[in-house]
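Structure first, commentary second.
What you see is a predicted model; the values in this text were computed from it and never measured. To find a chain, count down the sequence lines: A is the first, B the second, and so on, and within it residues start at 1.
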2 protein chains.
Amino acid sequence: MSTAAETTGGDIEPWEEVTPDAARRLLVAAVEAFAERGYHATTTRDIAGRAGMSPAALYIHYKTKEELLHRISRIGHERALGILRTAAEGEGSATERLADAVSSFVRWHAGRRTTARVVQYELDALGPDARAEIVALRRRVDAEVRGIIEDGVASGEFDVLDVQGTTLAVLSLCIDVARWFNIEGPRTPDEVGALYADLVLRMVGAKDAGAARK
Amino acid sequence: MSTAAETTGGDIEPWEEVTPDAARRLLVAAVEAFAERGYHATTTRDIAGRAGMSPAALYIHYKTKEELLHRISRIGHERALGILRTAAEGEGSATERLADAVSSFVRWHAGRRTTARVVQYELDALGPDARAEIVALRRRVDAEVRGIIEDGVASGEFDVLDVQGTTLAVLSLCIDVARWFNIEGPRTPDEVGALYADLVLRMVGAKDAGAARK
DNA sequence: GCCGAGGGTGAGCGGGCGCTTAGGGCGCTC
DNA sequence: GAGCGCCCTAAGCGCCCGCTCACCCTCGGC
């Protein structure tokens, strides 16, 4: 595989943009708690406790518990979109770019599983406005993947009957990694990424799947 | 497609086994509420209200709110397992049986989306004992699909490097349908089932995919 | 040495939660 | 038609939730 992140985790911690330090610690604590128990089952006291602070400290940096989820969700989606865009804009054939996109997207969902879980499964806990903003980001995620698949169909590399349906299935497959992946399981994020890139190339009927496995 | 359910919904309502009538109405109300808002965000008052009863009525038929989830989860998993087993034990080649299994499993996840959502995504809300029982059922689900894939590899119909990993991916793809499927969207459960059966046959490198599309 | 601002705390508010209890109505049995 | 058992309700208990408020400590500027 190519481009960015080679390591197992996939990426640098993306929370460095959150300041000040106390706000970041609270946000990281919230990600862990939301991922473990879900948004609704997590209490503000639990989040503050994990960050080593009193319950009231949370409200100095965030207006509500929902604002925390919103910030996490937006940053996470931007990160995911960035990963796909890097792959989509890369050089190489559609086959290579799709393999790259899937393997890095999957590596992120496996390696940063706690973040990905919150990002992908807690969307419904947001209010209408925040939800609409995140849904717009998701449509751009969909468009990136669909773009690569359309390129491959146009160039004759892929054989796909239902482009939108296949796009949906490919994204769905990658996203669900966040549900089942277990750090202590038998597979590393890199291995799952490689397996999934191969499976997706089969799904789109890529003629020359072997070439993308550098 | 073959075997059971031809209609859009996929199956008869599986709750007929729950008696008495009031207990069933409560259970159906709970499925709807859990699917819409999640287990933790659903209140016992909401469940009772949907069933047209007072909050206290719930506790005549169920010991706790968790027992409701447990009953829903067990019945739902048994239903899902039954669908896969019917397909796995059918006659015909591994290719045909895999296509049948995937299309009926997907039809269930799309058509009975509310039930499937609760079954697939609220597992973590169960206590350790109930959770262990459900996890055992899931292993049997996994074994059914793996069995078909192993048959296809043995007979030379399929070309699969990592049988366990591919099994996981196939199940993951089907299960995630419950997350994104929308009854009011452009696709019927039957259409998604057919699309997914085709995609899965490609994933396992089925030599004669066309033959399974009757 | 004093001051103000900003990050932090302890205590606690109003409210909604899961669940319990005392009792009421209705239909069956004889 | 008295007695009994089964469903169900009204009321409410104790608890913990998200969030607020009054106050404190620390630190840079002068």
Side-chain angles (χ1 to χ4, degrees), chain A residues 15-73 118 122-131, chain B residues 15-73 118 122-131:
Chain A
W15 308 122
E16 50 191 11
E17 60 201 287
V18 182
T19 54
D21 188 72
R24 180 171 50 250
R25 275 189 294 135
L26 282 165
L27 192 134
V28 169
V31 169
E32 285 171 14
F34 291 163
E36 258 176 44
R37 307 146 68 103
Y39 175 79
H40 289 295
T42 299
T43 70
T44 54
R45 285 164 175 82
D46 182 25
I47 296 169
R50 284 175 193 246
M53 297 174 178
S54 78
L58 197 150
Y59 294 89
I60 297 166
H61 300 283
Y62 302 95
K63 232 168 47 199
T64 63
K65 178 176 141 184
E66 196 198 316
E67 191 194 321
L68 255 172
L69 177 60
H70 185 192
R71 292 265 276 264
I72 292 166
S73 198
V118 179
E122 300 293 346
L123 178 64
D124 290 343
L126 289 171
D129 292 355
R131 208 182 121 88
Chain B
W15 308 123
E16 50 191 10
E17 59 201 287
V18 181
T19 54
D21 187 72
R24 180 170 52 250
R25 278 189 293 135
L26 282 164
L27 192 133
V28 170
V31 170
E32 286 172 13
F34 292 163
E36 258 177 43
R37 307 145 68 103
Y39 175 80
H40 289 293
T42 299
T43 70
T44 54
R45 284 163 177 83
D46 182 25
I47 296 169
R50 283 174 192 247
M53 296 175 178
S54 78
L58 197 149
Y59 295 91
I60 296 165
H61 300 283
Y62 303 95
K63 232 168 49 198
T64 62
K65 175 176 142 184
E66 195 198 316
E67 191 194 323
L68 256 171
L69 177 61
H70 185 193
R71 292 265 274 264
I72 292 166
S73 197
V118 179
E122 300 293 346
L123 178 64
D124 289 344
L126 289 171
D129 292 356
R131 208 182 122 88

Legend entry - 5′-ward residue of the pair B:S54/A:P55 relative to DNA chain D: B:S54
Inset, instruction - Ignoring backbone atoms, establish whether A:Y59 has a side-chain N or O less than 4.0 Å from OP1 or OP2 of D:dT20. - result: no
Inset, instruction - Answer yes or no: does a side-chain N or O of A:H61 lie under 4.0 Å from OP1 or OP2 of C:dG8? - result: yes
Legend entry - Value in whole Å for how far the P atom of C:dC17 lies from OH of B:Y39: 14 Å
Legend entry - Protein-nucleotide distance (B:K65, atom NZ; C:dT20, atom P), rounded to Å: 14 Å
Inset, instruction - Please check if the side chain of A:K65 supplies one atom and the backbone of A:Y39 the other of a donor-acceptor pair under 3.5 Å. - result: yes
Legend entry - From CD (B:E67) to CD1 (B:I72), nearest 0.5 Å: 10.5 Å
Legend entry - Rounded to 10 degrees, the angle between the two terminal axes of the helix from C:dG1-D:dC30 to C:dC30-D:dG1, each from five pairs: 0°
Inset, instruction - Mind calculating the distance between NE2 (A:H40) and P (C:dG16) to the nearest angstrom? - result: 16 Å
Legend entry - Candidate nucleotides C:dG10, D:dT9, C:dG18, ranked by approach to the side chain of B:I60 - the nearest: D:dT9
Legend entry - Nearest listed nucleotide, side chain of B:A22, among D:dA10, D:dC8, D:dC19: D:dC8
Inset, instruction - To the nearest Å, give me how far apart CG (B:L58) and P (C:dC19) are. - result: 8 Å
Legend entry - Residues A:R37, B:D124: salt bridge by 4.0 Å N-O rule: no
Legend entry - Position toward the 5' end of DNA chain C (nearest nucleotide), A:M53 or B:K63: A:M53
Legend entry - Nucleotide nearest B:A56 (side chain, heavy atoms from C-beta), chosen from C:dG18, D:dC19, D:dA10: D:dA10
Inset, instruction - Please check the phosphate of D:dG18 (OP1 and OP2 only) for any side-chain N or O of A:T44 closer than 4.0 Å. - result: yes
Inset, instruction - Measure the spacing between CZ of A:R24 and CH2 of A:W15 and express it to the nearest 0.5 Å. - result: 11.5 Å
Inset, instruction - Using a 4.5 Å cut-off on heavy atoms from C-beta on, say whether the side chain of A:M53 contacts that of A:L58. - result: no
Inset, instruction - Check for a donor-acceptor pair, side chain of A:R45 on one end and backbone N or O of A:P55 on the other, with a separation under 3.5 Å. - result: no
Inset, instruction - In whole angstrom, give the distance that lies between atom CZ of B:R24 and atom P of D:dC7. - result: 14 Å
Inset, instruction - Write down the distance between CG (A:D21) and C1' (C:dG7), rounded to a whole number of angstrom. - result: 12 Å
Inset, instruction - To the nearest Å, give me how far apart OH (B:Y62) and P (D:dC7) are. - result: 13 Å
Inset, instruction - Without swapping roles, check the side chain of A:E122 against the backbone of A:L69 for a donor-acceptor pair under 3.5 Å. - result: no
Inset, instruction - Kindly say whether, by distance alone, the side chain of B:R45 makes a donor-acceptor pair under 3.5 Å with the base of C:dG16? - result: no
Inset, instruction - Return the value, rounded to whole Å, for the distance between atom CG of B:L26 and atom C1' of D:dC8. - result: 11 Å
